[in-house]
Amino acid sequence: GSVTNNNVLFAGLQSSTAQQIGVDPALLVAANTSGGVMGKIVSPQSIAVAVSAVNQAGQESKVTSITIKYSLFLLVLLCIWTYVLSLILG
């Protein structure tokens with residue numbers, strides 16, 4: 001998927017940048033991967049496939065509003081967890 005492609009194309013750059021700014025490269029790449037997965041949760045294509053799979057066509061806006069809430073919660077959790085890990089690993 002798009003997250004995998006992003007990792008293939010940019011993981012080396014992210015790792016190099018992390019070393020230059022004094023951050024653990026694995027943490028930076030992992031945080032970026034996690035963020036990409038959270039973006040996938042609210043992608044219109046994923047939502048369209050999901051509502052079609054459960055015979056709920058026409059409910060895309062309802063599903064989107066629900067998934068945005070989960071995605072924002074997970075984003076905050078990821079930011080806090082990445083910060084904590086950066087303190088431990090830094």
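- Apart from Leu13 itself, the hydrophobic cluster it occupies contains Leu9, Phe10, where clustering links Ile, Leu, Val, Met, Phe, Trp and Tyr at side-chain heavy-atom distances under 4.5 Å.
- Within the model, atoms CG of Leu77 and CG of Leu72 stand 12.5 Å from one another, a figure rounded to the nearest 0.5 Å.
- Screening residues 14-24 for side-chain hydrogen bond (donor to acceptor under 3.5 Å, both in side chains), with sequence neighbours left out, gives no hits.
- Thr33 has its side chain out of reach of Asn6: every pair of non-hydrogen atoms, C-beta onward, lies at least 4.5 Å apart.
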N/O donor to acceptor pairs below 3.5 angstrom from side-chain atoms of residues 82-90, sequence neighbours left out:
from	atom 1	to	atom 2	distance (Å)
Thr82	OG1	Leu78	O	2.8
Ser86	OG	Tyr83	O	2.6

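- One hydrophobic cluster, built from ILVMFWY side chains closer than 4.5 Å, holds both Leu75 and Ile68.
- In this structure, CG on Leu74 lies 14.5 Å from CH2 on Trp81, to the nearest 0.5 angstrom.
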What donor-acceptor contacts under 3.5 angstrom involve side-chain atoms of residues 50-64, with partners at least two apart or in another chain?
from	atom 1	to	atom 2	distance (Å)
Ser52	OG	Ala48	O	2.9
Glu60	OE1	Gly58	N	3.0
Thr64	OG1	Glu60	O	2.7

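- By the criterion of side-chain heavy atoms lying less than 4.5 angstrom apart, applied directly or through intervening Ile, Leu, Val, Met, Phe, Trp or Tyr residues, Met38 is grouped together with Val42 in one hydrophobic cluster.
- Here Leu28 sits alone; no ILVMFWY side chain lies under 4.5 Å from its own, so it joins no hydrophobic cluster.
- For Ser46, the side chain to side chain contact (heavy atoms under 4.5 Å, CB included) partners at least two apart in sequence or on another chain are Lys40, Ser43.
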